[in-house]
Protein chains: 2
Amino acid sequence: MTPSPKTAPDASRRSERSRRAILDAALELVGETGYQRLTIEAIAARAGVGKQTIYRWWPSKAAVLLDAFAALGEEAAAGETELPDTGDLEADLKLVLRTTVDELNSPRFDAAYRALAAESIVNPEVCAHFVERILEPQLRLYAQRLARAQQAGHIRPDIDPRTALELLTGPLTHRWLLRTLPLTHEYADAVVELTLRGLAHG
Amino acid sequence: MTPSPKTAPDASRRSERSRRAILDAALELVGETGYQRLTIEAIAARAGVGKQTIYRWWPSKAAVLLDAFAALGEEAAAGETELPDTGDLEADLKLVLRTTVDELNSPRFDAAYRALAAESIVNPEVCAHFVERILEPQLRLYAQRLARAQQAGHIRPDIDPRTALELLTGPLTHRWLLRTLPLTHEYADAVVELTLRGLAHG
DNA sequence: CTGAGCCGAGACGGTTCGTCTCGAACGCCA
DNA sequence: TGGCGTTCGAGACGAACCGTCTCGGCTCAG
């Protein structure tokens, strides 16, 4: 029996050229017109592609954007499989959070990331994919680094690394998403210092 | 000269009955069908109102929902102009954050709050109104309570209350929005404990 | 060489948009 | 009290986009 209700398309005959053109067009358009006005029709026109080619491979515009953003992230983070570990946890975390701040402030990431976050908030299915595909791989790096710090005695042993992690990233995303105040390196540093003083041993 | 380009409608002749019906219908529908499928047409039909009556008074469905949610919040928080202050900062914060957790988990608030957050992320104008109208009043209460704790010497004097505040609420909203893990009282307690240990004097 | 399947292109009916036009109901002001 | 301007409910209207479909053209497997 076939897994899909409608016979699934043959992925081996898929046009890589069209796939890339669609992902690129989606990223361009979401930056130009915003997520609300982003339409499948416009993506198809910009990519020089039939609409059916999009509907054949993706269930929604959010799914297209998710793939596009994932490809973007994989290019940027090619090879970076670990967070820095100089032994100085505070300095390492500041470095990484500053990088995150720069990414969130970069126009190239901003529009697509916002679109996916917004869609995830009101759409549990997209949310699950977004978390699994984009968020989890990033957070896992943090969690590993925190676990190592815990083994080294720099963080109290009774603390759940996931909770510690959210204490660091939560305030950043909160300020970024709701634009309450500008997102700066100084803020990233302050979050690390204040949070660590609660997590640090002794 | 009139302030608006198109002559503004006369607010004194506005139908209060229609206004309430529209706000109620918007809240109902966003709970039933979700924000994506919420349409002005459906709101008008449910409220027994002409579409023009909505377009005359609101610029978008997000604006309608914002008013509806604000009215909902004002009912719920009628009179609550201050956070509890028993002198025990940790206990007070746990109590309040637990209440916030309950609200976020309550179906009555969830759908509308998510819709407004999602819209705010991709729409700076709605975001500004959302922050000013909904978020700021809540956060101001926290900020006041933290400032008093600071005066009482329970929080280090060099800490910006806004930053301290985001350390508390950021992790909660993060987990709520992205559904990474369930949002519980235990989590609220953990956030307060871990955060305070960084903020507490000595 | 032949056929199945993806491709670009775009027609199609359905839905919602935001505007506009009715006659009816309402409330301010004479 | 009567008149008049404005909002009201209702719905028609063209435009935009939806998701499905049909059509030739092209590519690859057998």
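Proteins come first, then strands; the chains are lettered A, B, ... in the order of their sequence lines, and each starts at number 1.
Here the CZ atom belonging to Arg175(A) is positioned 4.5 Å from the CG atom belonging to Leu181(A), to the nearest 0.5 angstrom.
Crowding of Arg108(A) atom CZ: a count of heavy atoms from other residues, nucleotides or ligands under 6.0 Å not exceeding 12. The environment of CZ in Arg17(B) is sparse: at most 12 heavy-atom neighbours from other residues, nucleotides or ligands sit within 6.0 Å.
Using a 3.5 Å distance cut-off with no hydrogens or angles, the side chains of Tyr142(A) and Thr100(A) do pair a donor with an acceptor. Side chain to side chain, Tyr113(A) and Glu103(A) fail the donor-acceptor criterion of an N or O pair below 3.5 Å.
Using a 4.0 Å cutoff on non-hydrogen atoms, the parts of residues 46-67 of chain A near DNA chain C are Gly48(A), Val49(A), Gly50(A), Lys51(A), Thr53(A), Arg56(A), Trp57(A), ordered by number. Contacts between residues 25-42 of chain B and DNA chain D, counted as heavy-atom distances below 4.0 Å, involve no residue at all. For the segment residues 122-130 of chain A, the set of residues with a heavy atom within less than 4.0 Å of an atom of DNA chain C is empty.
Side-chain rings of Phe69(B) and Phe109(B) approach one another, their centers coming within less than 6.0 Å.
Rounded to whole angstrom, the span from the CD1 atom of Ile43(B) across to the P atom of dG18(C) amounts to 11 Å. Remark: C1' of dC6(C) and CZ of Arg17(A) are 15 Å apart, rounded to the nearest angstrom.
Residues Arg145(A) and Val96(A) are not in side-chain contact: their nearest non-hydrogen atoms beyond the backbone lie 4.5 Å or more apart.
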Would you tabulate the side-chain donor-acceptor contacts of residues 114-125 of chain A under 3.5 Å, counting partners in other chains and residues two or more places apart, or write 'none'?
{"from": "Arg114(A)", "atom 1": "NE", "to": "Ile121(B)", "atom 2": "O", "distance (Å)": "2.7"}
{"from": "Arg114(A)", "atom 1": "NH1", "to": "Asp110(A)", "atom 2": "OD1", "distance (Å)": "3.0"}
{"from": "Arg114(A)", "atom 1": "NH2", "to": "Trp176(A)", "atom 2": "O", "distance (Å)": "2.8"}
{"from": "Arg114(A)", "atom 1": "NH2", "to": "Leu177(A)", "atom 2": "O", "distance (Å)": "3.1"}
{"from": "Glu119(A)", "atom 1": "OE1", "to": "Tyr35(A)", "atom 2": "OH", "distance (Å)": "2.6"}
{"from": "Glu119(A)", "atom 1": "OE2", "to": "Asn123(A)", "atom 2": "ND2", "distance (Å)": "3.1"}
{"from": "Glu119(A)", "atom 1": "OE2", "to": "Gln36(B)", "atom 2": "NE2", "distance (Å)": "2.8"}
{"from": "Ser120(A)", "atom 1": "OG", "to": "Leu116(A)", "atom 2": "O", "distance (Å)": "2.7"}
{"from": "Asn123(A)", "atom 1": "OD1", "to": "Glu125(A)", "atom 2": "N", "distance (Å)": "3.2"}
{"from": "Asn123(A)", "atom 1": "OD1", "to": "Val126(A)", "atom 2": "N", "distance (Å)": "3.3"}

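Pairing each heavy atom of Gln150(B) with each of Pro157(B), the nearest pair is NE2-O, 3.5 Å. Closest non-hydrogen pair, Asp92(A) versus Pro84(A), comes out as OD2-O, 3.2 Å.
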Can you give one letter per nucleotide of nucleotides 23-30 of chain C, going 5' to 3': B for a protein heavy atom under 4.0 Å from the base, S for sugar-phosphate only, - for none? ---BB---
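With sequence neighbours excluded, no residue forms a side-chain hydrogen bond (donor to acceptor under 3.5 Å, both in side chains) with Arg140(B).
Contact check on Glu32(A) versus Arg46(A) returns a salt bridge, with a Lys/Arg side-chain nitrogen under 4.0 Å from an Asp/Glu carboxylate oxygen.
A cation-pi geometry, defined here as NZ or CZ lying under 6.0 Å from the six-membered ring centre and within 45° of its normal, does not hold between Arg19(B) and Trp57(B).
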